[in-house]
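Just so it is clear, the model here is predicted, and its values are computed rather than measured. Just so it is clear, the values below take in all heavy atoms, side chains as well, and ignore hydrogens, waters and symmetry mates. By convention in this document, chain letters (A, B, ...) are assigned in the order of the sequence lines, proteins followed by strands, and residues within each chain are numbered from 1.
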Amino acid sequence: MRDDYPFSIVEDRWQKFWEQNGTFAARDGGARPPYYVLDMFPYPSGTGLHIGHPEGYTASDILARYHWALGYNVLHPMGWDAFGLPAEQHAVQTGVHPAANTERNIAKFRSQICHLGFAIDWRREINTTDPAYYRWTQWIFLQLFRHGLAYVDARPVWWCPELKTVLANEEVVNGLSERGNFPVERRPMRQWILRITAYAEQLLAGLEDLDWPDSTKRQQVAWIGRSEGMEIDFSVAGSREVIDVYTTRADTLHGVTYLVLSPEHPALASIVAPECAASVAAYQKMAAAKSDLERTDLAKDKSGVDTGALAIHPLTGRTIPVWVSDYVLGSYGSGAVMAVPAHDVRDFAFAKKFFLPIETVVLLPDGAVELPHCGEGILTNSGDFDGMPSKDGRVAIGNRLQKLGRGRPAVNYKLRDWVFSRQRYWGEPVPIVWVDGEDFLKISCDQSSPFAEFLPDKPVSFSEGGKTSFAVPLPASQLPLILPPVDCYLPTEGGESPLARASEWLAVDLHPASGELRPAQGERAADGWIRGRRETNTMPQWAGSCWYHLRYLSPNFAAGPVDPAAEAFWKVPNFYIGGAEHAVLHLLYARFWHQFLHTIGVVRTKEPYPRLFHQGLILGEDGNKMSKSRGNVVNPDDVIASHGADALRLFEMFLGPLDAVKPWDMRAVGGIARFLKKIWRFFLNDDGRPSAVFVAEPCDDEPTQRLLHETIAIVRRDIEQLHFNTAISQLMILLNHMQRLKKIELATGKIFLQLLAPFAPHICEELWHRCGGTSSIAHAPFPEVDSQKMHRELGKILVQVNGRIRGELAVPPDLPSGEILRQARCLPRVEVHLMEREIVKEIYVPGKVVNFVLR
RNA sequence: GUCCGGAUGGCGGAAUGGUAGACGUAGGGGACUUAAAAUCCCCUGACCUUUGGGUCGUGUGGGUUCGAGUCCCACUCCGGACACCA
């Protein structure tokens with residue numbers, strides 16, 4: 001009775017070996033070319049690793065190990081995106097500082113990841129909640145502030161009464177909070193906002209050269225939402241007010257039968273007719289109270305009221321009514337639209353409901369009328385422009401408006417500025433102190449004050465309750481601004497973050513001349529000091545992940561976010577892998593920060609992630625998404641315990657294409673474990689020494705060598721194309737072949753181990769050493785293809801009659817085509833057909849196929 | 001609604017326009033065994049068959065081609081993203 005493969009002993013041994021020997025330590029320099037492979041770092045949740053994590057991590061690990069074997073200097077790091085709501089909610093419930101819980105979760109994640117045997121350089125581990133890390137997150141924020149890209153504004157933001165916090169647009173899904181699905185409402189609040197729209201053009205342009213999934217690029221293009229059109233002025237009869245609308249369809253201008261303003265439009269109050277004032281005010285109030293859900297989903301039936309005002313058409317001089325409706329967004333364009341019901345579905349629906357006139361000005365290309373017709377066509381009822389194709393009309397009418405001074409070309413984006421503050425505890429504190437106007441002058445007039453270090457050209461101020469405060473950035477020497485201890489992790493009643501509870505921290509005295517800060521002392525600041533109140537907002541979880549790819553390059557660098565020398569060497573990840581759920585938010589924010597850091601000279605690259613890949617979801621065995629409530633969750637720890645880490649890694653890669661959504665299959669895991677067991681028994685005798693089938697000198701027959709080199713070629717190609725499932729099946733084919741041999745070269749067996757090692761590193765390392773390997777298999781040069789060995793004496797030619805296979809020929813590659821056709825005609829199953837009917841055409845594709853086309 | 005992706009045996013999936021179903025699972029049969037497990041070998045898309053083979057077969061219907069799972073057009077279903085952005 002032979003022992004089965006003792007995977008837990010073997011895996012434990014090599015995990016320790018790699019760690020102790022620094023096998024996968026990346027070096028910041030040297031002759032080997034750099035290869036940087038990055039995983040989206042995890043949020044260390046309390047529930048531990050789920051089965052999806054090892055999928056992406058194994059893929060990146062295969063690439064890391066493959067490149068080590070190709071002679072690269074590989075950087076494959078890991079870290080923790082550890083700020084965030086769950087740790088804070090835990091703190092609210094238990095009163096324990098979120099750092100303690102976070103640390104425990106990280107320890108669990110680290111241990112679980114280590115048990116998968118990844119070639120990670122753990123000396124570079126980073127943690128976004130570590131003050132040594134968030135010091136530089138704060139520093140980058142201050143740079144954004146310094147360059148006018150961070151500002152404050154009281155604006156209606158999404159307020160979630162349940163979470164007691166403000167949410168960003170993208171955290172609100174269908175009027176519910178993304179986390180927890182709680183209802184949200186609009187509430188004006190002072191917010192820090194990043195001017196990402198200043199980078200809209202760059203963010204769009206930069207996409208072009210990225211090697212990213214098309215769908216992800218498309219999502220970003222759609223999110224940025226650039227459009228070109230015209231701004232057109234409509235004056236209001238009996239008023240000096242001018243309503244400026246944005247349209248991409250200036251060609252339909254003659255079809256405008258009314259204007260619509262958003263309920264938030266600033267001109268409303270001044271233009272509304274007295275008899276309509278009450279109903280407009282009521283409508284505005286109703287719209288303000290509506291949640292996003294109500295304003296979008298339920299608004300399929302459009303609502304609105306007449307303002308009683310009349311606008312004047314800029315070309316025809318006709319007067320048209322002005323309505324207000326919440327189907328017009330206040331935050332896009334100018335918050336007002338010209339309604340062309342004949343050629344816009346929304347305007348059409350609105351006009352039908354409120355019996356507003358509909359005027360056709362674009363005919364279908366064949367002259368027919370269809371309503372609403374939103375595509376291109378021929379202009380009609382458009383005065384001088386009749387008969388023009390709508391595309392040309394767009395330009396012509398645009399030009400006419402410009403000449404009249406009633407319009408100008410305009411570009412609009414769907415992208416909004418990024419609401420960057422959160423009223424939470426467990427995030428990076430915003431390193432800002434608020435002072436009053438008089439005190440602010442003492443700083444802004446003294447360029448030598450340390451507090452002037454990050455002062456923008458235009459001061460950032462905020463007025464509330466008749467009092468204006470000015471934002472003073474902390475000097476870099478005051479970073480990190482560490483989270484103060486608090487007694488309670490709940491936001492204040494007023495919606496301020498728990499930091500507002502840290503009263504001793506909150507009030508500070510600043511010394512403009514020296515740059516010193518100290519807790520406020522006394523009723524008023526002492527001479528030479530300024531009294532200030534600290535900013536209580538913290539940064540969103542996205543902040544830390546906007547630049548972590550840079551921190552791995554020099555995790556301990558103390559003079560900046562990244563050591564310029566390390567940045568020059570590693571640049572950016574050659575390969576970045578993570579879930580498609582980050583297609584827009586993280587990947588857009590990180591590109592924004594990276595582009596900004598490029599602008600200010602911190603990095604020399606313009607884009608952070610030149611090559612991106614999304615691994616697919618792994619579903620439960622029932623084909624549904626894994627969830628506790630369905631009871632179909634597979635725990636990676638259990639799989640490692642029962643089958644080993646190599647089996648888990650191999651299985652997740654064998655399951656199907658890396659980017660596909662695929663269901664788990666426990667029985668197939670058993671199949672992979674069998675594959676490993678077969679390898680073990682093939683390589684070793686009962687005594688644990690190399691099997692007797694191995695011989696030192698060359699002895700392989702031609703088919704064996706051919707299969708070996710075909711396998712080398714396929715595994716290399718498949719790893720490069722991320723087709724890991726087919727690489728593994730090819731290795732199974734090779735093993736099945738080798739098992740049938742009486743004897744085999746030891747070198748062949750070792751090549752097999754090298755080919756498999758990136759996928760199943762533990763067993764390969766063990767067998768490699770038992771077969772005489774002295775240093776790690778990870779650094780043994782990857783096997784090369786010998787194309788001579790793949791050469792065949794005879795080529796196979798398929799023979800078809802009318803496209804159906806009727807036989808095959810084995811011929812020397814240089815045999816003339818005439819001879820091949822002659823032999824093909826003589827094949828018995830071909831001959832039968834040729835006797836009955838005459839040949840119309842003979843096709844010979846060299847080296848592949850012969851086809852006789854019969855009448 | 002708009003945009004994108006997909007549909008191949010019982011199941012996961014392979015197939016540079018050239019032998020569809022590699023590899024793995026599951027199933028059937030056999031060997032070994034007192035037995036079971038483990039392991040090894042053979043078979044396994046459907047139908048017909050004189051056992052040589054033949055016909056059909058990659059969601060549906062058309063098309064291009066000597067030849068289509070693969071390319072084109074239309075449709076059905078499934079999945080994903082966006083969703084009043086003027």
Please determine, by modelled atom types, if A/Ser303 and A/Tyr283 share a side-chain donor-acceptor pair under 3.5 angstrom. yes

Starting at atom NZ of A/Lys677, determine the distance to atom C1' of B/A37, rounded to an integer number of angstrom. 10 Å

Between B/U70 and B/U58, how far apart are the two C1' atoms, rounded to whole Å? 10 Å

Span that lies between the P atom of B/U76 and that of B/G61, in whole angstrom: 15 Å

Residue list, side-chain hydrogen bond (donor to acceptor under 3.5 Å, both in side chains) with A/Glu370, at least two apart or on another chain: none

Under the side chain to side chain contact (heavy atoms under 4.5 Å, CB included) test, which residues partner A/Leu655, sequence neighbours left out? A/Ile618, A/Phe651, A/Lys662

Is there any protein nitrogen or oxygen under 3.5 Å from a nitrogen or oxygen in nucleotides 64-66 of chain B, and what are the pairs?
unit_1: B/C66; atom_1: OP1; unit_2: A/Lys841; atom_2: NZ; d: 3.3
unit_1: B/C66; atom_1: O2'; unit_2: A/Asn851; atom_2: ND2; d: 3.1
unit_1: B/C66; atom_1: O2; unit_2: A/Asn851; atom_2: ND2; d: 2.5

The salt bridge (Lys or Arg N to Asp or Glu O under 4.0 Å) partners of A/Glu710 (sequence neighbours excluded) come to A/Arg792

Check the distance between B/U25's P and A/Leu650's CG and give it to me in whole angstrom. 12 Å

Is A/Pro657 touching bases, backbone alone, or none of the nucleic acid, heavy atoms closer than 4.0 Å? sugar-phosphate

What integer distance in Å separates A/Arg681:CZ from B/C40:P? 6 Å

Rounding to an integer number of angstrom, what distance separates B/A68 and B/A83 when you compare their C1' atoms? 37 Å

Considering only residues two or more places apart or on different chains, which pairs with a residue in residues 666-676 of chain A satisfy side-chain hydrogen bond (donor to acceptor under 3.5 Å, both in side chains)? none

Rounded to whole Å, how long is the line connecting atom CD of A/Glu231 with atom C1' of B/A86? 13 Å

Keeping the roles fixed (side chain from A/Glu359, backbone from A/Ala342), state whether a donor-acceptor pair exists under 3.5 Å. no

Please enumerate all residues that pass side chain to side chain contact (heavy atoms under 4.5 Å, CB included) together with A/Asp687, with sequence neighbours excluded. A/Asn685, A/Arg689

Using the C1' atom on both, measure B/U44 against B/G27 and round to a whole Å. 8 Å

With sequence neighbours excluded, tell me which residues meet side chain to side chain contact (heavy atoms under 4.5 Å, CB included) with A/Ile714. A/Arg717, A/Asp718, A/Gln730

Over all strands shown, is A/Val328 touching base, sugar-phosphate only, or nothing at heavy-atom distances under 4.0 angstrom? base

Taking CH2 from A/Trp664 and C1' from B/G24, how many angstroms apart are they, rounded to a whole number? 14 Å

Applying salt bridge (Lys or Arg N to Asp or Glu O under 4.0 Å), which residue pairs with at least one partner in residues 242-267 of chain A are found, sequence neighbours left out? A/Arg249-A/Asp251, A/Asp251-A/Arg394, A/Glu264-A/Arg295

Once you round it to whole Å, what is the distance between C1' of B/C82 and CG of A/Leu585? 13 Å

Side-chain donor-acceptor contact under 3.5 Å, A/Asn412 with A/Ser227: no

Could you go through nucleotides 45-51 of chain B and list every protein N or O atom that sits under 3.5 Å from one of its N or O atoms, giving the distance for each pair?
none

Measure from OH on A/Tyr332 to P on B/A83 and round the result to the nearest Å. 13 Å

Name all stems that contain residues of RNA chain B, defined as runs of 3 or more consecutive Watson-Crick or G-U wobble pairs, both distances under 3.5 Å. B:1-7 with B:76-82, B:10-12 with B:23-25, B:27-31 with B:39-43, B:45-48 with B:53-56, B:59-63 with B:71-75

Gap in Å between the two P atoms, one belonging to B/A7 and one to B/A14, rounded: 10 Å

Expected rows: protein N/O vs nucleotides 2-10 of chain B N/O, under 3.5 Å:
unit_1: B/C4; atom_1: O3'; unit_2: A/Arg218; atom_2: NH2; d: 3.4
unit_1: B/C4; atom_1: O2'; unit_2: A/Arg218; atom_2: NH2; d: 3.4

Under the rule for side chain to side chain contact (heavy atoms under 4.5 Å, CB included), what residues qualify as partners of A/Ala580, not counting sequence neighbours? A/His614

